[in-house]
Visitor: 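Right, I'll just put the structure down here and ask away after.
Every value quoted in this text rests on a predicted model; they were computed, and no experiment measured them. Below, chains carry the letters A, B, ... as their sequence lines are ordered, and counting in each starts from 1.
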Amino acid sequence: MRMNRMYMPTLREVPSEAELPSHQLLLRAGMIRKLVAGVYSFLPLGHRVFKKVEQIVREEMDNIDSQEVLMSAIQPKELWEESGRWSKFGPEMFRLKDRNGRDFCLGPTHEEIFTDLIKNELKSYKQLPLSLYQIQTKYRDEKRPRFGLIRAREFVMKDAYTFDVDEAAMKEAYELMWGAYARVFERCGLKFKIVQGDAGAMGDGVSHEFIALSEYGESFIAYCDSCDYAATDETAQVVYEVAEQDSSAEMQKVSTPGVKTIEELEKFFNVPASAFVKTLLFKAVDEVVAVMVPGDRELNEIKLINALGCAEHELEIASEEDVKDATGCDVGFAGPIGLKKGIRLLVDERVAKMTNMIVGANETDFHLTGVAYGRDFEGEVSGDMLMVVEGDSCPVCGKPLSIDKGIEVGNIFQLGLKYSKSLNLQYLDENGKSQYVWMGSHGIGISRTMAAIIEQYYDEKGIMWPLAVAPYHVIVTVVDPKKADQLEVGEKIYADLKKRGVEVVLDDRKERAGVKFNDAELIGFPLRVTVGRDAKDGLVEFGVRGKDDKEKIEADKAVEAVFSHFEEVGFEL
RNA sequence: CGGGGUGUAGCGCAGUUUGGUAGCGCAUCUGGUUUGGGACCAGAGGGUCGCGGGUUCAAAUCCUGCCACCCCGACCA
């Protein structure tokens, strides 16, 4: 490709709408443009990178005998009602009606559609296992789209679905997928961690997330350096020991005027935060629920949601009015004793061991001390309800956990029988008996992966694409294309590289050298051959993006230099 | 959806407090001089000042309703 014909509107200045490096650089390098919030157009250079990532995914999926299909983005409401997700997905789903008023959605994911497709054809165990995937546009009306391609409302995902005869076979398919995903992200050059995930709206089974490490990531992960335990912060099991407490203390009401927060309480009573128990009120659908966690810890809302069995969007913090109605007092004095009748009280398992805690009295300006679980009140003991923090003990080996941040680029789920049951997907086994199909669902965010790569490969000048995903491998920069000798040498190297199958652009634009160099570095071509003033002596310059030292070589050796670099970094065309 | 902020030329911004009919830098076009790290000189084009309503002789500026976009919180590939 000749650059003077290339549509690559690079920007000198950072668009004010972009904050993250990947977002800024994608815009500045002329790779994407925003249409509306969370919806982007891919320009030629961006599209080339996109296709590279897509192709890597495709190859690795094909490699494990998953077969590519293409489903519609537009889906009928009926299938979603069968699975119960028409309401569960909530406002995240883009919904639309046809001219007759029939309801549809733009697919946020495709479990229903794949299951439905298969159920009409699948008859026998002999047809299993089956693994299908597609690379297709997904729609999710995010509450808050942001960070460019990282949280978009329209994005491209590779989604795969596996169908197996039993649980063991499903787990085998899961392992296969795991391996393919690891290879995909390795080939993309990403530094990533594989962590246990929460299944969320997808199902209740085992799941893992592939997290590309990045300081700008939205996903927090807890992991152990001593063993291989790793989980998302929401999933990580919290080890929290309650010290033996004196149970002889009597419950007493203490006046605590205006003392509401844990910090204020610590000062007032002069005891550590762990002596208190927070009673938090939430509204789930239209029921108010109270949750108790130790005063020095945060509640994990995901764990609460799982305990309640409601959907994410159905849970919200109770309003001030709801709190007053439930407790009969101002916000800040809620406690387990004297709550309005009928309010569910969930209790973290550790709270249930406390025999001398301080809680709100459900009376404005009063707290209760010396409260013992079991003696003074009881609730539903709900296991672990806490958010993990750095330094918590590893639930496997007991060593302290580390916390890191990253971008979720892929995930794998063991769906089990969730969809085959709700959508009635069965096969006949060897004995002619009907059995439900064991399913798995596996996603990779293609466009998001592209952004995640940039987050790991950039410097102050621009992007530094790994060769495997670079829009082109080499840029041949002709410093002054009006000089016949330079242009001639540049054209020859360009043609020779092309002949050898190298993806190459020729910068033949009538721009000053600085503009060309800056554009090349911004866009992030991995290799640069500069044809300048020494061209008349048959010399050119060979450089690698990200390395300052340039090497003067004979023009005839340029192609060789490119290939020896390929060899050096283990890249194959 | 709650809280905060912004909307003026393709991009980045000033002008709004104190109403008087729109400006700067970059980019674009023309001519010339330059030519290895975002050139210089001269000239030119480009704006429903987010949209609607109101106040006023007069509105980018004041009032009001709406919209869009960005940031902070809860969701996910």
Visitor: Using a cut-off of less than 4.0 Å, is there contact between a side-chain N or O of A:Arg12 and OP1 or OP2 of B:rC11?
Guide: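 Indeed not, no polar side-chain atom of A:Arg12 lies that close.
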
Visitor: Mind checking A:Gly410 for me? I need base, sugar-phosphate or nothing, with any heavy atom below 4.0 Å counting as a touch.
Guide: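 The answer is sugar-phosphate, as A:Gly410 gets under 4.0 Å only of primed atoms, P, OP1 or OP2.
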
Visitor: So what does A:Leu315 touch, heavy atoms closer than 4.0 Å: a base, only the sugar-phosphate, or nothing?
Guide: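 Touches nothing.
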
Visitor: Do A:Lys77's NZ or CZ and the ring of A:Phe104 fall within the cation-pi criteria of under 6.0 Å and 45°?
Guide: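 Judged by the rule (NZ or CZ under 6.0 Å from the ring centre, within 45° of its axis), A:Lys77 is not positioned above A:Phe104.
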
Visitor: Is any side-chain N or O of A:Ser16 closer than 4.0 Å to OP1 or OP2 of B:rG12?
Guide: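 It does, given that an N or O in the side chain of A:Ser16 lies less than 4.0 Å from OP1 or OP2 of B:rG12.
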
Visitor: Taking the side chain of A:Ala37 as heavy atoms from C-beta outward, which of B:rG38, B:rC70, B:rC75 is closest to it?
Guide: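 Looking only at side-chain atoms, A:Ala37 lies closest to B:rC70.
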
Visitor: Which nucleotide, B:rC72, B:rA77, B:rG37, lies nearest any side-chain atom of A:Phe147?
Guide: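 Minimum distance to the A:Phe147 side chain belongs to B:rC72.
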
Visitor: Just compare B:rA77, B:rG37, B:rG36 and give me whichever is closest to any side-chain atom of A:Arg533.
Guide: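 When the side chain of A:Arg533 is considered, B:rG36 is the closest of B:rA77, B:rG37, B:rG36.
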
Visitor: Between A:Asp556 and A:Lys492, does any NZ, NE, NH1 or NH2 come within less than 4.0 Å of an OD or OE carboxylate oxygen?
Guide: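 A salt bridge is absent here (no side-chain N lies under 4.0 Å from a carboxylate O).
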
Visitor: Where the side chain of A:Lys143 is concerned, which of B:rG38, B:rG36, B:rA74 is the nearest nucleotide?
Guide: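 Nearest to the side-chain atoms of A:Lys143, counting from C-beta on, is B:rA74.
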
Visitor: To the nearest Å, give me how far apart NZ (A:Lys516) and C1' (B:rG37) are.
Guide: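 It works out to 13 Å between those atoms.
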
Visitor: What string of B, S and - do you get for nucleotides 45-52 of chain B, 5' to 3', if B is base contact, S is sugar-phosphate-only contact and - is no contact with any protein heavy atom under 4.0 Å?
Guide: --------

Visitor: Just call it for A:Glu301: base, sugar-phosphate, or nothing, with non-hydrogen atoms closer than 4.0 Å on any strand.
Guide: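 The residue A:Glu301 makes no contact with any strand.
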
Visitor: Of A:Ile446 and A:Gln486, whose closest RNA chain B nucleotide lies nearer the 5' terminus?
Guide: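 Its nucleotide being nearer the 5' end, the pick is A:Gln486.
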
Visitor: Starting from C1' on B:rC75, measure out to CZ on A:Arg146 and report it in whole angstrom.
Guide: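 So the CZ-C1' distance, A:Arg146 to B:rC75, works out to 9 Å.
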
Visitor: Let me know which of A:Lys405, A:Arg448, A:Arg146 forms a salt bridge (charged side-chain N to carboxylate O under 4.0 Å, His left out) with A:Glu218.
Guide: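 Of A:Lys405, A:Arg448, A:Arg146, salt bridge (charged side-chain N to carboxylate O under 4.0 Å, His left out) with A:Glu218 is met by A:Arg146 alone.
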
Visitor: Side chain of A:Lys34: nearest nucleotide among B:rG37, B:rC71, B:rC69?
Guide: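 Of the options given, the side chain of A:Lys34 lies nearest B:rC69.
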
Visitor: Please report the distance separating the C1' of B:rG46 from the corresponding atom of B:rA27, rounded so that it comes out in whole Å.
Guide: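 Those two atoms are separated by 12 Å.
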
Visitor: Which part of the nucleic acid does A:Val36 contact within heavy-atom distance under 4.0 Å: base, sugar-phosphate only, or nothing?
Guide: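 Sugar-phosphate contact only - A:Val36 comes under 4.0 Å of backbone atoms but never of a base.
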
Visitor: With both distances kept under 3.5 Å, what pairs with B:rC1, Watson-Crick or G-U wobble?
Guide: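 Across all strands, the one nucleotide that pairs with B:rC1 is B:rG73.
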
Visitor: How would you label the contact of A:Ser219 with the nucleic acid (heavy atoms, under 4.0 Å): base, sugar-phosphate, or nothing?
Guide: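 Since a base atom lies under 4.0 Å of A:Ser219, the category is base.
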
Visitor: Whether A:Arg95 engages the ring of A:Trp80 as a cation-pi pair (distance to the six-membered ring centre under 6.0 angstrom, angle to the ring normal within 45°) should be assessed.
Guide: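 Judged by the rule (NZ or CZ under 6.0 Å from the ring centre, within 45° of its axis), A:Arg95 is not positioned above A:Trp80.
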
Visitor: Would A:Arg344 pass as a cation-pi partner of A:Phe282, given that its NZ or CZ must be under 6.0 Å from the six-membered ring centre and within 45 degrees of the axis?
Guide: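 Because its charged atom misses either the 6.0 Å distance or the 45° angle limit, A:Arg344 does not stack over A:Phe282.
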
Visitor: Write down the distance between CE (A:Met177) and P (B:rA77), rounded to a whole number of angstrom.
Guide: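 Going from CE in A:Met177 over to P in B:rA77 covers 15 Å.
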
Visitor: Under 4.0 Å between any heavy atoms, over every strand shown, what does A:Glu142 touch: base, sugar-phosphate, or nothing? Just pick one.
Guide: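 Base contact.
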
Visitor: For nucleotides 2-10 of chain B, give me one character per nucleotide, 5' to 3': B if any protein heavy atom sits under 4.0 Å from the base, S if the only such contacts are to the sugar-phosphate, - if neither.
Guide: ---------

Visitor: Taking a pair as Watson-Crick or G-U wobble with both distances under 3.5 Å, which nucleotide is matched to B:rG47?
Guide: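 Base partner found: none.
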
Visitor: If pairing requires Watson-Crick or G-U wobble contacts with both distances under 3.5 Å, which nucleotide is the partner of B:rA59?
Guide: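 Because no pair has both required distances under 3.5 Å, B:rA59 counts as unpaired.
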
Visitor: What distance, rounded to whole Å, do you find between the two C1' atoms, one in B:rA14 and one in B:rG47?
Guide: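 My reading of the C1' atoms in B:rA14 and B:rG47 gives 15 Å.
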
Visitor: Take atom P in B:rA59 and the same atom in B:rC67, then report the distance between them in whole Å.
Guide: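 Each nucleotide's P atom is 26 Å from the other's.
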
Visitor: If the P atom of B:rC62 is compared with that of B:rG5, how far apart are they to the nearest Å?
Guide: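 Rounded to whole Å, the distance is 16 Å.
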
Visitor: Can you confirm whether the side chains of A:Glu455 and A:Ser22 place a donor and an acceptor under 3.5 Å from each other?
Guide: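 The criterion, which ignores hydrogens and geometry beyond distance, is satisfied for A:Ser22 and A:Glu455.
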
Visitor: Just to be sure I understand the rule, does A:Asp519 reach a base, reach only the sugar-phosphate, or reach nothing, if contact means heavy atoms closer than 4.0 Å?
Guide: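 Base contact.
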
Visitor: Decide, yes or no, whether a salt bridge links A:Asp485 with A:Lys483 under the criterion of side-chain N to carboxylate O below 4.0 Å.
Guide: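 So A:Asp485 does not pair with A:Lys483 through a salt bridge.
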
Visitor: Please classify the nucleic acid contact of A:Glu154 as base, sugar-phosphate, or nothing, using heavy-atom distances under 4.0 Å.
Guide: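 Since no nucleic acid heavy atom lies under 4.0 Å of A:Glu154, the category is nothing.
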
Visitor: Under the criterion of centre distance below 5.5 Å and interplanar angle below 30°, is A:Phe517 classified as stacked on the base of B:rG36?
Guide: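 Not stacked: fails the 5.5 Å / 30° test.
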
Visitor: Compute whether any side-chain donor of one residue and acceptor of the other, for A:Tyr139 and A:Glu154, lie under 3.5 angstrom apart.
Guide: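 The criterion, which ignores hydrogens and geometry beyond distance, is satisfied for A:Glu154 and A:Tyr139.
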
Visitor: Return the value, rounded to whole Å, for the distance between atom CZ of A:Arg509 and atom P of B:rA39.
Guide: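 Nearest whole value for this atom pair: 12 Å.
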
Visitor: Any carboxylate oxygen within less than 4.0 angstrom of a Lys/Arg side-chain nitrogen, looking at A:Glu521 and A:Arg528?
Guide: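 Judged by the 4.0 Å cut-off on N to carboxylate O distance, A:Glu521 and A:Arg528 do form a salt bridge.
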
Visitor: Just checking A:Thr530: base, sugar-phosphate only, or nothing, at a heavy-atom cut-off of under 4.0 Å?
Guide: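 Base contact - A:Thr530 has a heavy atom under 4.0 Å of at least one base atom.
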
Visitor: Which nucleotide, if any, forms a Watson-Crick or G-U wobble pair with B:rC40, using both distances under 3.5 Å?
Guide: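 When the pairing criteria are applied, B:rG32 turns out to be the nucleotide that pairs with B:rC40.
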
Visitor: Are the aromatic ring centres of A:Tyr161 and A:Tyr133 under 6.0 angstrom apart?
Guide: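 No.
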
Visitor: On the nucleotide B:rA77, are OP1 or OP2 found under 4.0 Å from the side-chain N or O atoms that A:Asn411 carries?
Guide: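 For B:rA77, OP1 or OP2 has a side-chain N or O of A:Asn411 closer than 4.0 Å.
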
Visitor: Could you let me know what B:rU16 is paired to, Watson-Crick or G-U wobble, both distances under 3.5 Å, or none if it's on its own?
Guide: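 Check on B:rU16: unpaired, no WC or wobble geometry under 3.5 Å.
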
Visitor: What distance, rounded to whole Å, do you find between the two C1' atoms, one in B:rC49 and one in B:rG43?
Guide: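 One C1' to the other, the span is 27 Å.
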
Visitor: Figure out the CD/P separation between A:Glu511 and B:rU34, and round it to whole Å.
Guide: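 Nearest whole value for this atom pair: 19 Å.
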
Visitor: Between B:rU6 and B:rU16, how far apart are the two C1' atoms, rounded to whole Å?
Guide: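 One C1' to the other, the span is 14 Å.
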
Visitor: Closest approach to the side chain of A:Asn518, judged atom by atom: which nucleotide of B:rG12, B:rA39, B:rG38 is it?
Guide: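 Out of B:rG12, B:rA39, B:rG38, the nucleotide with an atom closest to A:Asn518's side chain is B:rG38.
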
Visitor: What's A:Val515 touching, base or sugar-phosphate or nothing? Going by heavy atoms closer than 4.0 Å.
Guide: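 It contacts base atoms.
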
Visitor: Would you kindly give the CD-to-C1' distance between A:Gln24 and B:rG12, to the nearest whole Å?
Guide: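 From A:Gln24 CD to B:rG12 C1': 13 Å.
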
Visitor: Within 45° of the six-membered ring axis of A:Tyr457 and under 6.0 Å from that ring's centre, is NZ or CZ of A:Lys191 located there?
Guide: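 Yes, A:Lys191 and A:Tyr457 form such a contact.
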
Visitor: If I pick the P atom on B:rU8 and the same atom on B:rU61, what distance separates them, to the nearest angstrom?
Guide: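 Looking at atom P only, B:rU61 and B:rU8 are 14 Å apart.
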
Visitor: From B:rC75, B:rG38, B:rA77, pick the nucleotide closest to the side chain of A:Ile302?
Guide: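 Nearest to the side-chain atoms of A:Ile302, counting from C-beta on, is B:rC75.
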
Visitor: Using atom NZ of A:Lys550 as one end and atom P of B:rG37 as the other, report the distance to the nearest whole Å.
Guide: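 About 13 Å, once rounded to whole Å.
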
Visitor: For B:rA68, what is the paired nucleotide under Watson-Crick or G-U wobble rules, both distances under 3.5 Å?
Guide: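 Partner of B:rA68: B:rU6.
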
Visitor: As an exercise, state the distance from OG of A:Ser422 to CD of A:Glu81, rounded to the nearest 0.5 Å.
Guide: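 Reported to 0.5 Å precision, the distance equals 12.5 Å.
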
Visitor: Counting heavy atoms from C-beta on, name the nucleotide in B:rC75, B:rC69, B:rU34 closest to the side chain of A:Lys482.
Guide: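 Nearest to the side chain of A:Lys482 among the choices is B:rU34.
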
Visitor: Would you say the side-chain atoms of A:Asp159 and A:Gln134 include a donor-acceptor pair closer than 3.5 Å?
Guide: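 The answer is yes; a qualifying pair exists.
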
Visitor: Whole angstrom is fine here: how far is it from NZ in A:Lys483 over to C1' in B:rU35?
Guide: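 Spelled out: NZ on A:Lys483 to C1' on B:rU35 is 7 Å.
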
Visitor: Any side-chain donor-acceptor pair under 3.5 Å between A:Arg153 and A:Tyr40?
Guide: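 No donor-acceptor contact under 3.5 Å links the two side chains.
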
Visitor: From the options B:rC75, B:rU35, B:rG37, select the nucleotide whose nearest atom is closest to the side chain of A:Asp480.
Guide: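 Per side-chain heavy atoms of A:Asp480, the pick is B:rU35.
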
Visitor: So what does A:Ala152 touch, heavy atoms closer than 4.0 Å: a base, only the sugar-phosphate, or nothing?
Guide: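 The residue A:Ala152 makes base contact.
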
